[in-house]
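Take a look at the structure below.
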Number of protein chains: 4
Amino acid sequence: MPRVSEEHRERRRQQILDAAQSCFARKGFHETSLQEIFRESGLSAGAVYRYFRSKDELIGAIAARSQPLVAALLEEILDADELPPLDEIVARFATGVTGRMGPSGAVRIAPQGWALATYNRPIHLAISELLDNTRSWWVRVAERLRDDGRLPPDADPYAVAVVLTSIIPGFILQRLVLGDVDAETLRAGIRILLSSEPPPPHAAHPAPGNILNQAL
Amino acid sequence: MPRVSEEHRERRRQQILDAAQSCFARKGFHETSLQEIFRESGLSAGAVYRYFRSKDELIGAIAARSQPLVAALLEEILDADELPPLDEIVARFATGVTGRMGPSGAVRIAPQGWALATYNRPIHLAISELLDNTRSWWVRVAERLRDDGRLPPDADPYAVAVVLTSIIPGFILQRLVLGDVDAETLRAGIRILLSSEPPPPHAAHPAPGNILNQAL
Amino acid sequence: MPRVSEEHRERRRQQILDAAQSCFARKGFHETSLQEIFRESGLSAGAVYRYFRSKDELIGAIAARSQPLVAALLEEILDADELPPLDEIVARFATGVTGRMGPSGAVRIAPQGWALATYNRPIHLAISELLDNTRSWWVRVAERLRDDGRLPPDADPYAVAVVLTSIIPGFILQRLVLGDVDAETLRAGIRILLSSEPPPPHAAHPAPGNILNQAL
Amino acid sequence: MPRVSEEHRERRRQQILDAAQSCFARKGFHETSLQEIFRESGLSAGAVYRYFRSKDELIGAIAARSQPLVAALLEEILDADELPPLDEIVARFATGVTGRMGPSGAVRIAPQGWALATYNRPIHLAISELLDNTRSWWVRVAERLRDDGRLPPDADPYAVAVVLTSIIPGFILQRLVLGDVDAETLRAGIRILLSSEPPPPHAAHPAPGNILNQAL
DNA sequence: CATGAATGAGGCTTCATTCAT
DNA sequence: GATGAATGAAGCCTCATTCAT
């Protein structure tokens, strides 16, 4: 069946990626053999290799796929012209993420991507871009919040963004591993923190620590 | 000579675990072959197998090792009888974590543990216990903060703990992958959030969302 | 339009064979995939398979192609009615062979044919016919030389032919592998040998030999 | 069975090489799968890979093995202090070669080596060294023959060596493929040529040729 | 107890060949 | 006739694990 349309090619690609993602979510990148992906995708080895030149490339393509997904999520959260309260933004983010946690959802394999990014060059690239984009988005959010007077006028948007960027992976982890958290709880926690007593001025001279400062 | 022998055994065990951890940090669990661990530890295959019955057991032992590490860290943060401000607590946590990020530091392989916990039963157990312990600790912290009046009297300690538990993995990730964050920035961000305008009352059922709620 | 069609078929066939020969010369029979031949020939898999039913058949066809080539070469060397001196004949042979050693010349793949003939039945047939034809031709040459008085009257044309048949493969090999021999040098060597002292009568009782006669 | 002697290692190596050589002689380098070599050698995949890191390395080792074999052969031919007649030298060479043509003899795979040398860098190196060594040996032989007055005083030893080096591959080929030649016939042919009329002086600019000089 | 040679299942990948369009 | 996507057997190689010494 030669001379197929570009559309057909793209459909095949996604078919393979979907199968791979599903397998990866179930058994992990490394524990998943290509044979399983062939089976799951309903394609032969040769067919898959026509689209991806190696298992690594397949993994890379899946990592790359998360990029636009996250972008769409971020864009959607802020589609309104008026900025929602911070707890709402975080909650929407968490909701979006939760919605992609199905048995073969993209979020389910996120931790595998994080792990890989730790020692695998190409994946590192993809994940660091992802993190960076997300954090930049939070920086913009923080700037608007500050400009709206919802954050102190001298607030450092970057510092705020670091905190807010930090929250999502941990939320994903708790949800994936413990399974007992949801967007509403996260929102509630945020609200409480935002409503709490400001801490006393920080006296830059640090603190305790034996083990803490040990090497290794 | 039971005493000496037992000590010797334990030393050997740690020697192997250290070698393995170092390799894992460098190349990942799966990309590391046992041969490499034999080489790095300076022991023979047979010797290593006398202490760990399989590669999985080795990985499990490393995961188990993190338990007391985290416990010690948590305990240390709160060793004083007076509770530090929240931003200080988080900063200490982050500092402790940062200190264990050396080339073969335990934190370096944390994301691999998270990933494994996603689909590997025994590791799931270890990591979920770790997460749960940490969160319980945060719950206790939140309770004390509330009782000290630093959080609203009706604050839900659990919700607060969910948020605070969330922060560390994301901080580790940003530090490991982007490398441009530190405990002080995190503290600053926390301080800003704690000092910000409380959000308006939440009208429990809002939400945007097209993509957000889609499956996959 | 049988005529045109037949011509077209033959042209296609040669186009494919040329492409294959070029690839084979560059990478060897086995290291060349059919995909490469499809690419080099500018034809599709299906098209090539219309002309050759398998890779082996393709290789066989190339081996077969050498038959008329060698025949033409031999015929040409002796086209004159007068027989040239032996060194001249050898030199012409060597020159003819040298002329077909271009990057995709037929001679370039000759050693691959010899190798295949060693364990592959169909190719063995083709190559043994080639060798046999060549040697028969040398037998005829030797007979004429003997009859012309240029070889001793009791000379065994077959023995002479065995020697002369032997020379060409070794010449090809030296030229292909070492690259530092040419027809003139070969001719010079032959002339010297032909001009040398006849050896003393041979006393049929053989000679030394330890390793020589061992098995393996 | 750890800590084995160097001798044991070497025996294993040869065991593997012998098995490989036997297979290669029967089916050719490429048509022989490693599985067959494992079977023939009585070893497992892993065991073989402990000694040779790839199939190519195995082939290379076999090519390398021919070096000392040929060296021994050459040395043996000339072990006597008196130089035998040229036809005797060639005959001894041929005899030595013939003796190594058993079903798994080294000579049986020589053509495969020649073929590989044509397009495979490492093998090219091995074979070109082999050819070069052999030719150098012939140069020395030719010099002694000339000095002994058995070749004309102005004879070019190199040109003679080129011819004599050429003879052996063709002899091997005829013997391997046609199977109807032996050392004695070769000797007889050489004797006849050495006893023949010297050719007339060569008028440097002869040559026929249409096809002969064509490209390809 | 330690050693490390050996095992062999199974993984990734290639490639000759087919056949629907 | 031509195309080239698809097939799937089979190849090379790795590596967790065992066990004789």
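First the proteins, then the strands, lettered A, B, ... as listed; each starts at 1.
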message = Could you report the tightest heavy-atom contact between C:L176 and C:V107, atom names first, then the distance?
response =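 Distance-wise, the nearest heavy atoms are CD2-O, 3.9 Å.
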From the options [options], select the nucleotide whose nearest atom is closest to the side chain of [X].
X: D:Q35; options: F:dG8, E:dT17, F:dC13; result: F:dC13
X: D:S44; options: F:dA6, F:dT3, E:dT7; result: E:dT7
X: A:A45; options: F:dG4, E:dT14, E:dG8; result: E:dT14
X: A:S33; options: E:dG11, E:dA16, F:dT17; result: E:dG11
X: A:Y49; options: E:dT14, F:dG1, E:dG11; result: E:dT14

task = May I ask you to decide whether D:R65 forms a salt bridge with D:D18, counting only side-chain N to carboxylate O separations under 4.0 Å?
result =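 Yes, D:R65 and D:D18 are salt-bridged.
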Rounded distance in Å - [atom1] ([X]) to [atom2] ([N]):
X: D:F52; N: F:dC12; atom1: CZ; atom2: P; result: 16 Å
X: D:R13; N: E:dA5; atom1: CZ; atom2: C1'; result: 17 Å
X: B:H30; N: E:dG11; atom1: NE2; atom2: C1'; result: 15 Å
X: A:L58; N: E:dC12; atom1: CG; atom2: P; result: 11 Å
X: A:R53; N: E:dT14; atom1: CZ; atom2: P; result: 10 Å
X: C:E31; N: E:dT14; atom1: CD; atom2: P; result: 15 Å
X: D:K55; N: F:dA10; atom1: NZ; atom2: P; result: 15 Å
X: C:L43; N: F:dG4; atom1: CG; atom2: P; result: 11 Å

Within the pair [X] and [N], is there a side-chain N or O less than 4.0 Å away from OP1 or OP2?
X: D:Y51; N: E:dA6; answer: yes
X: B:R50; N: E:dT3; answer: no
X: C:R12; N: F:dG1; answer: no
X: A:H8; N: F:dA6; answer: yes

Is the side chain of [X] donor-acceptor paired with the backbone N or O of [Y] at a distance under 3.5 Å, no angle test?
X: B:Q67; Y: B:A64; answer: no
X: D:E129; Y: D:A126; answer: no
X: B:Q112; Y: B:F29; answer: yes

request  = Under 4.0 Å between any heavy atoms, over every strand shown, what does D:F38 touch: base, sugar-phosphate, or nothing? Just pick one.
outcome  =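 Here D:F38 touches no strand at all.
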request  = Select from B:G46 and A:L34 the residue whose nearest nucleotide in DNA chain E is closer to the 5' end of that strand.
outcome  =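 Between the two, 5'-proximity favours B:G46.
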ask   = Pick the nucleotide of DNA chain E nearest each of A:A47 and B:A47; which residue has the one closer to the 5' end?
value =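 Checking each residue's closest nucleotide, the 5'-ward one belongs to B:A47.
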message = I'd like to know if the side chain of C:R26 pairs up with that of C:S22 as donor and acceptor (distance under 3.5 Å, no hydrogens or angles considered).
response =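 Result is yes, a qualifying pair exists.
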inquiry  = Any donor-acceptor pair under 3.5 Å linking the side-chain atoms of D:R11 with those of D:Q14?
reply    =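 The criterion, which ignores hydrogens and geometry beyond distance, is not satisfied for D:R11 and D:Q14.
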ask   = Quantified as the angle between the terminal helix axes (five pairs each), what is the overall bend of the helix from E:dA2-F:dT21 to E:dT21-F:dA2 to 10 degrees?
value =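 Result, rounded to 10 degrees: 0°.
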Approximate separation, where rounding is to 0.5 Å, of C:K55 NZ and C:I37 CD1 =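 Those atoms lie 6.5 Å apart.
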query = Which comes earlier along DNA chain F counting from the 5' end, the contact point of C:G42 or that of B:T32, where each point is its nearest nucleotide?
reply =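 Its nearest nucleotide lies further toward 5', so the answer is C:G42.
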